[in-house]
Every structure is written in structure tokens, then in C-alpha cells.
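The first residue of the sequence shown is numbered 1, and numbering continues consecutively from there.
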Amino acid sequence: MSEKEKNNANQQDMNHILKARYDKLKELQDAQADPFLITKAEQTHHSTEIKENFFALENQQVVIAGRVMAKRVMGKAGFLHVQDRDGKIQVYVSRESLGEEEYKAYKRLDIGDIVEVSGFVFKTQTGEISIHGEKILLLSKSLYPLPEKFHGLQDTDTRYRQRYVDLIMNEDSRDVFMKRSQILREIRNFLAGRDFLEVETPMLVENAGGAAARPFETHYNALNEDVKLRISLELYLKRLIIGGMERVYEIGRVFRNEGIDTRHNPEFTLMELYQAYTDYDGMMELTESMFRYLAEKVCGTLHISYQGTPIDLESPFRRLTMTDAIKEYAGIDFDKIQTLEEARALAKEKEIAYEEHHGIGDIENLFFEEYCEEKLIQPTFIMDHPLSISPLTKKKPSDPTKVERFELFIYGREMANAYSELNDPIDQRERFKAQDALADAGDEEANHTDEDFLHAMEIGMPPTGGIGYGIDRLVMLLTDSASIRDVLLFPTMKSLEKKDEGNRASKGNGNGICDQVATVPEKIDFSNVKIEPLFEEQVDFETFSKSDFRAVKVKDCFAVPKSKKLLQFTLDDGTGTDRTILSGIHDFYEPEELIGKTLIAITNLPPRAMMGVESCGMLLSAINQKKDSDEEELHLLMVDNHIPAGAKLY
């Protein structure tokens, strides 16, 4: 059977299933038993509660409510597995206990239906704690079938887009989000124990500051003003410190108009706190204590595992200056770099790409990102950053070219960012001016002068320590989740292509179910496309035939930091070893839409260093220009996902 015939057969099977379920609902409605008219259930217990308290509840009446996940009918008796918030529990049913009519209704139940079960708690002959059902009430009819029970919902794209199905089918996914809620609760408990006050600050702001990020912009109709979505919580929380609140924190969404990959989502949850009369040393103590507290509460141990790597949260966290880290891992001493020309020459020598507006401090930070970050596996505080990349931080009295700042790294990832906060309004104004200059030079992530914040600082701000935690990365660490999308209930996804209704012809069956769908081939207008003339010069066939063209699967893809065009691909090329290829196609594709695709690559080119990363091969694309335009279009060559990784093209 061809693939097209299989798809048609599957569609016909699905249509039969849907029709049968709609017919069952119609029968119930005709019998005045419409489940959608029921408004509540008399739920007395949950599944885990019953199992954990069996000896107290044995032979006691209980009422549970949940979704039917399995059903077995064996003549005059049968079993259900009902899943509620906590998990599954078995229900034994018999015609004798339910009665003739209710037993018939039980046999008409479908997997996915939501029911209320009344009965008493007992243990079966095999020792399984169960409920002996005496009454089953259908609360909601499932009109669309769940994924096949043995394999569950495996496709990651569907899991993220249809999280409701993922939560039903995948216990591990439910557990992650239960733990996420616990982590947030325990953060609040920890900070309450230290006398912090939880507050809320604006999301729509005139000046989005407090971080180096490009904001989203929108329009406020009532005020007829353009506003931005906040990229940080910092500047409003500092205003509250100035107002005398002394210890404040906020857990809230922030929005950064940047790329999407396994560690970044444009909207994410940030926790920022500020404590008057302390500094970044106080923030290090608080951070270390909080991470240990959360690991104990959520994981039950200070020795956790992340993606197979042991992480020790019990030993004192290492403390290392950024300059010393670069010395250790790259053998370069930035304290000896005196001029911008020296820094640029060193960057060119080491193939570290920088931008025209970058100063010595920016280039030092690029060296840290390139040589050090991924090596910081165990908890490490990286301290004393260059002044130029920390516009809101207090200078070190012993070295005014550096600031009292730290970032916490675990598993090569930044987990927290903290300062001894700048409280000198004169110094702050000068730093804002420098940021304005960077913005004028084209840096879209630069801060801008915030006059109201400066006025607040002029009122007087006490010495203050501040810190920001990315909640999503913290949840990833404590739940051993590989991707940020695994810890966001509804991650940002590229919209699915909307089908042109005019290109679809459907034949209904009277129940709103489509019996068959015929698609008209899409007509594409190429009249406005300019095609480059074919090469007339012939290429030596023997040389060309040595190129190794292979099908490759995209395992991961993300935007290369500090590059506006490069995407970095992690590819399965069939060898069992991941292949890295960089491609300058960010103008045409977002990383998240390419994960899972099958592409074509030349795999036997010599490695080429780009932005300090060795690119091992080239992805093939088709390029054309639009007529009467300089605008270029690029299309990656994507092939059928049935082609295995490593398949050779001839």
C-alpha cells in the first residue's frame, strides 16, 4: 500500500470513529441524558489519596471524577482505569452492582470520556487497590479519540501545541508542571522566611530598561501612545527600594523580541529581588542558600542529575572573576589589554566576531562566552564583569573598570545575574548617555535614559543588592528537562500555515464530520521571480562526484549569540555523532520551525570556523531574486521525513 493509500485509509478510519462518537452523543441527547447539561460532580477523593490511605478507607464510600483511560468488558463484569489530577485508579464494575441499564451505559463509554464514579474502596485478588463501582455518571463526552494508549503522544511539536493532550497522555509531563508549581511556592516560602515582600509592577512601559534585550512594541489606544512590553523587572523594583520597602521581589512574565531555541522563549518568567543595605556578596549567600533549599524541597537531595551529569549543590559554590576564568580556560589575560585596538586584534586572531560598537569589555565578554561558559558545569559564581556591559551596577572601589556583579553558571548555563546596585544618580546618568550612544550606533539591545528613574535616584537610594533568576531554566535544572518548551505549558510556536478554504472541498455526513477531504494542488505564481542564468562553465565531473550529499535530521537549532544572521544546527547525520553546521539564514527562518526537519547537507567539506564555532559542512538551499528588486528569497531543501538520517544522495 502506498503512503497516499495509507493516509486515505487512516482518514476513513478516523471518520468512522468520529461518526460513532457523535452518534452516541445524539442517542444520549434523544434520551434526555445529555452529559453537557451536568454542571458539577460530587467528588470526595482523589486517586492518590485513596491509595495512600487504603487502610482507613477500605470498604468506605468514595466518589471520584476523572477521565476514562482504559476499559475492559468481560461479559457481566469489567474494569475502568480512571485518571484524575493525581494519577490513575482502577474501577471494578459488574452488571449486578450497576443494574442492567447502567451496565449497558458503561459498555457504551469511550476512552477519553469524563465520568463520576461512586462506590467503596477494596483490594482485588491481585492486590490492586480499586473502587467497586456502584454508580457511573457520564459528565462529558469525548468526541475526538486520544492518541494510541501504548505509545502516547510522542511528537514534540504536537505535544507543545496541544499541551492538553500531552498532560492527559504523559505522566512525566504532568509531573514537570506539578514540580514547577512547587518550585514557585517554595521560592515564595523561602523569601517570606527572609522577610521579603512580594509586589507587582507594570508590564506595559514607556521605557523598557534593566536588561540588554530588544523589546516588543505595541500601541495604547486609550492614551494614543506607543508603549513597550517590559524586558526586566528591575527599574520599578528599585523605585520601591527608594520608597523604603527595603526587601521586595516579583515573579512575573517579561518579553524579549529575540530568537527561539531550546533555552530561549520570547516570553518567560523572571524572579527579581532587591534587598537594601547589602551587596553582591549578600546576594551570593542568598542564591546559594535558595538553590540548596529548593533542591531539598523539590528533589529531596543536594546531589541532582541533569541530562546524565551529576550536579553537586552541597559543596560551596566556586567563585571566579571573569578575567580569571578567561585566563584559566583560554590562557589570555585581559588585564593586560590596554587599548581597543589590542582587543580587536586579539579577537581577529582568535576568530571571535565582534561588532563595530563593541568596546574592550564587550570583547572580553565575547571571549568568556566562547571559551568559558560551557566548561562551568558545577555551580560557579562568575564575578566582577567589565563596566561597559553592566550599566546599572556599582563599580568596584579597587578597580573602577569593573563592577560588583556576578552570574551563576550551572551546566554551562547562566542561572542568575546579580549586582551591587548602582545608587549614584550622577554616575547613572553618564552610563545612560553611553547606552544612548550605543543605541544611536545601531545596538538594538542598549538601554535608554529613563528620566523618572533618575529622578527617583536623586531622592536617594540606599546601598542595595539585587538579583534576577530565570524561573524556566531553574525548573529545567530541577526537573531534568532538556528544553525550555518542556517546562512552559504553552511555549511560543510559529503559527501553522492557514489553509485556503477555497482549496478544500469537503463532503459532510450531517454530524459536522468530514467523510473525505480533497485538496486542490496549490497554484504558485512564479511570474515575479527572477532566476539566475545557468552556469555555462563546466565543472570537472570527477571533482563534483566526490561531494558527499546526505540527508540530515535537525535535532536542535538556535540563533548564534551576537550574530544577526547565523543559525547553529545540531544534526543527526547517521553516524551516531552529532554534526554542527552554521548557516546564515536567520533572515528567512526561525530556529524552532526547523527542529525535526530533514535537510540535505554536504558532509565532507573541511571544517570552517565561524563565530568561534567549527561548522562541519554546508546545508543546501535554493535562492532566487524577485524581479525588479534586490530582495532575495531563500528556501532550505527539505525532504520527506521518511528518509533516514545519513541516507546518501546520488
Would you say the ring centers of F317 and F406 fall short of 6.0 Å from each other? no

Whether [X] side chain and [Y] backbone form a donor-acceptor pair below 3.5 Å:
| X | Y | answer |
| --- | --- | --- |
| E250 | T201 | yes |
| Y280 | M383 | no |
| T301 | C299 | no |
| D572 | D578 | no |
| R256 | I231 | yes |
| Q378 | P310 | yes |
| E370 | A330 | no |
| D587 | K565 | no |

Is the closest side-chain donor-acceptor distance between T323 and E364 under 3.5 Å? yes

Between the side chains of D573 and T603, is a donor N or O closer than 3.5 angstrom to an acceptor N or O? no

Looking at K396, R405, K394, which hits salt bridge (charged side-chain N to carboxylate O under 4.0 Å, His left out) with D384? K396

Specify the closest pair of heavy atoms between K555 and L571, including all atoms of both residues, with the distance to one decimal.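 Of all heavy-atom pairs spanning K555 and L571, the closest is CD-C, 4.3 Å.
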
On a heavy-atom basis, the closest approach of L489 and F177 is N-CE2, 3.4 Å

Are there over 12 heavy-atom neighbours, none belonging to I459, within less than 6.0 Å of that residue's CD1?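 More than 12 heavy atoms, drawn from other residues, nucleotides or ligands, come within 6.0 Å of this atom.
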
Residues [X], [Y]: salt bridge by 4.0 Å N-O rule:
| X | Y | value |
| --- | --- | --- |
| D450 | K238 | no |
| R159 | D166 | yes |
| R292 | E288 | yes |
| R194 | E285 | yes |
| K433 | D436 | no |
| R230 | E272 | no |
| R431 | D424 | no |

State, with a plain yes or no, whether a side-chain heavy atom of F409 is found less than 4.5 Å away from one of C372. no

Kindly indicate whether the side chain of E342, heavy atoms from C-beta on, has any atom under 4.5 Å from the side chain of K336. no

Run the side-chain donor-acceptor check on residues 472-481: report pairs under 3.5 Å with partners two or more places apart or on a different chain.
{"unit_1": "D472", "atom_1": "OD1", "unit_2": "R180", "atom_2": "NH1", "d": "2.9"}
{"unit_1": "D472", "atom_1": "OD1", "unit_2": "R180", "atom_2": "NH2", "d": "2.8"}
{"unit_1": "D472", "atom_1": "OD2", "unit_2": "T269", "atom_2": "N", "d": "3.1"}
{"unit_1": "R473", "atom_1": "NH1", "unit_2": "E414", "atom_2": "O", "d": "3.1"}
{"unit_1": "R473", "atom_1": "NH2", "unit_2": "H264", "atom_2": "NE2", "d": "3.2"}
{"unit_1": "T479", "atom_1": "OG1", "unit_2": "V475", "atom_2": "O", "d": "2.6"}
{"unit_1": "T479", "atom_1": "OG1", "unit_2": "S481", "atom_2": "OG", "d": "2.8"}
{"unit_1": "D480", "atom_1": "OD1", "unit_2": "Q307", "atom_2": "N", "d": "2.6"}
{"unit_1": "D480", "atom_1": "OD1", "unit_2": "Q307", "atom_2": "NE2", "d": "3.0"}

With sequence neighbours excluded, tell me which residues meet ring-ring contact (aromatic ring centres under 6.0 Å, His included) with F190. Y293

Would R429 pass as a cation-pi partner of F432, given that its NZ or CZ must be under 6.0 Å from the six-membered ring centre and within 45 degrees of the axis?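 So R429 doesn't make the cation-pi contact.
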
So how far is it from I183 CD1 to Y469 OH, rounded to the nearest 0.5 Å?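 Output value for this atom pair is 13.5 Å.
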
OH on Y306 to CD1 on I377, rounded to 0.5 Å: 11.0 Å

Pairs of donor and acceptor atoms involving the side chains of residues 344-351, under 3.5 Å and at least two apart or interchain, shall be tabulated with distances.
{"unit_1": "R344", "atom_1": "NH2", "unit_2": "E356", "atom_2": "O", "d": "2.9"}

